[in-house]
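Worksheet: the structure to be examined is printed underneath.
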Amino acid sequence: MSGIRSPRRSLFRPKGGIDQSILREHKALIERIDRRKVLRGTLSLGALSLLTGCDVGETGPVQNFLRAVSGWNDKVQEFIFRPDHLAPTYSEADVVKPPRFNAHYDVEDVKPVDGSTWKLELSGLIADKRPWTAQQLAQLPEQSMIIRHICVEGWDYIGQWSGVNLRQFLERVGADLTAKYVFFRCADDYTESLDMPSALHAQTMLATKYAGDPITDPFGFPLRLRTATKLGFKNAKWVTGIEVTNDFQETFWSKQGFNWFAGI
Amino acid sequence: MQSTRPAEMHVRRLHPLPLRIMHWVNAIAMLIMISSGWKIYNDDVILGWLHFPDALTLGHWAQHGLQWHFFGMWILALNGIAYMTYGLVTGRFRRMLFPIRWRELLKDMYDAVHFRLAHDDPTHYNAVQRLLYVGILLVGVVIVITGLVLWKPIQFSELTALLGGFQTVRIIHFLCMSAIVLFLIVHVTLALLVPRTLVAMVTGGPAINEMKAKAS
């Protein structure tokens, strides 16, 4: 039992926090509650939940246990990952146009990023931390790949992405390639991160184009992450910052209980 | 070694203890996998008309269904490997599930639909039972393999291609689940109709004669 944890940002909880007035009104009653009975009750509730396999909620011992298993699964996926194995690629005829939109909000709520003022900020274990403009990035060698996007929900589509190979970019800016993680910050406050072996995979790129044209607003203009070895949600859109680090930080979806490694 | 012990010391039951443990561990694993799988399915349905009611699914939101599924998979796979190894090494599969003869199968199926299928000897499976048990074991193997492919379609991309691609594998995985659910309905119904079989899976059931079992 980890006790009360600080509230996390979640789609599924009220933004303003929980109304405390009820607690104040019933202060006397709460103080009268027999702690031993509560403890006994908690134990039987815990046993019951294990017995029936029922999910008591988003927090609590069951959730802690399932998250620990998810952490173990991260390690198994690191072990399974084949750094030199290429994902299948497809022909231009297979490319779906436009790509399928998905985010934790509707397409109408996308806030377009101004490409002329946009900058890619670099931080952490990187030698040259000067930010990059869209024009500067456009001058780097371009890579193109037609790969399958697989969503954690189960759907998939084939898309053609072009941009800067992430490994080459990290080498160019003098990133420490022995670090553990590459962390991405986005214009919509989304966060994602990759383990270094996945970041250095040949089919991981900072994409600027889809099907030969600049990526449009809903799909991450001017820059998004695109990797062939992760589930869809790992491919952060509207990237504004890259940090190379050895410190693990939870990401937008991992905070909410999705598996962090999310390899495919 | 057996001959040096007195006969009464070595009572072999219909369902030895390791088998009973694996059976019930598998039952729990199956319930976790099916109910959490339905939660995951609901996020992007294969059949437009089919959504599983929330009351039958495990996990508060999709991510919790996924957490349960990727926990349950370890129980299912490890227990399944132990069960398969046990069944093959001890000769239980060969003894109890084979041979399956066409003639017996047709006769037993005829009897079954006329509710005349004999079940007075729980140590002997009829041809229909044998076929169903062998079939469900194969389905179990296929659902684990397709599950592995759905979990890591790129790391095992050769296997994904061999099985017809990601969405095909998803449908195979779904069909295997459907087969298991149908099997479960029949399996549980029959166990309740002949409660002796249910008790046997808890207590071990009647002692079996090794010689007779080997000869049959």
Side-chain angles (χ1 to χ4, degrees), chain A residues 10-12 50-59 62-63 65-74 76-77 79-83 85-89 102 147-158 198 201 203 227-231 233 253-259 261-264, chain B residues 24 27-47 54-75 77-78 148-162 165-171 173-174:
Chain A
S10 165
L11 278 177
F12 312 116
L50 282 174
L51 200 66
T52 60
C54 93
D55 193 0
V56 179
E58 289 175 66
T59 55
V62 176
Q63 183 55 208
F65 171 74
L66 290 172
R67 291 207 183 205
V69 174
S70 193
W72 154 258
N73 285 339
D74 284 342
V76 174
Q77 292 175 86
F79 177 76
I80 289 175
F81 182 70
R82 296 154 74 186
H85 177 66
L86 293 182
T89 52
N102 203 39
I147 53 165
R148 187 180 296 274
H149 172 120
I150 297 177
C151 178
V152 67
E153 294 174 346
W155 50 266
D156 69 314
Y157 72 88
I158 290 165
S198 298
H201 188 267
Q203 290 165 310
T227 171
T229 68
K230 297 284 186 188
L231 286 171
F233 70 82
W253 288 116
S254 80
K255 278 178 202 165
Q256 306 191 19
F258 282 91
N259 176 256
F261 195 92
I264 52 175
Chain B
W24 291 111
I28 294 167
M30 278 297 178
L31 289 178
I32 292 176
M33 294 309 274
I34 293 169
S35 55
S36 62
W38 287 356
K39 184 86 203 175
I40 299 166
Y41 167 94
N42 277 352
D43 239 11
D44 186 53
V45 300
I46 294 171
L47 303 166
D54 272 350
L56 298 179
T57 65
L58 181 59
H60 195 60
W61 295 99
Q63 59 265 48
H64 308 115
L66 289 158
Q67 288 172 350
W68 277 110
H69 212 66
F70 294 135
F71 159 56
M73 72 176 182
W74 291 109
I75 309 177
L78 295 177
L148 184 68
V149 168
L150 290 178
W151 190 43
K152 296 287 158 269
I154 301 298
Q155 300 314 314
F156 303 122
S157 58
E158 299 88 349
L159 204 50
T160 314
L162 193 71
F166 183 75
Q167 290 302 333
T168 306
V169 175
R170 219 177 137 213
I171 290 166
H173 197 67
F174 179 84

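The structure displayed is predicted, hence computed values, not measured ones. Numbered from 1 within each chain, the chains take letters A, B, ... in sequence-line order.
Of all residues spanning residues 35-46 of chain B, those with a heavy atom less than 4.5 Å away from chain A's heavy atoms are B/Ile40, B/Asp43, B/Asp44, arranged by number.
To the nearest 0.5 Å, atoms CD1 (B/Ile154) and CZ (A/Arg82) are separated by 10.5 Å. The structure places CZ of A/Arg67 at 8.0 Å from CD of B/Gln63, a figure rounded to the nearest 0.5 Å. If you take CD on A/Gln256 and NE2 on B/His64, they are separated by 8.5 Å, rounding to the nearest 0.5 Å. Atom CD1 of A/Ile150 and atom CD of B/Gln167 lie 8.0 Å apart (nearest 0.5 Å).
Inter-residue side-chain proximity for B/Trp68 and A/Val62 is flagged as met; some heavy-atom pair is nearer than 4.5 Å. Considering only heavy atoms from C-beta on, A/Val76 comes within 4.5 Å of B/Trp74 through its side chain.
Shown here for B/Leu66 and A/Phe258, the closest heavy-atom pair between the two residues is CD1-CE2, 3.6 Å. The two residues B/Phe156 and A/Ile80 come nearest to each other via the heavy atoms CZ-CG2, 4.0 Å. Between A/Gly257 and B/Gln67, the shortest heavy-atom distance links the atoms O-NE2, 2.9 Å. Of all the heavy atoms in A/Trp155 and B/Arg170, the pair that sits closest is N-NH1, 4.4 Å. Pairing each heavy atom of B/Gln155 with each of A/Phe81, the nearest pair is NE2-CD1, 3.5 Å.
By the side-chain hydrogen bond (donor to acceptor under 3.5 Å, both in side chains) test, A/Gln77 pairs with A/Asn259, B/Lys152, sequence neighbours left out.
Contacts of B/Phe70 with chain A are made by both backbone and side-chain atoms, with heavy-atom separations under 4.5 Å. Neither the backbone nor the side chain of A/Leu231 comes within contact range of chain B, judged by heavy atoms closer than 4.5 Å.
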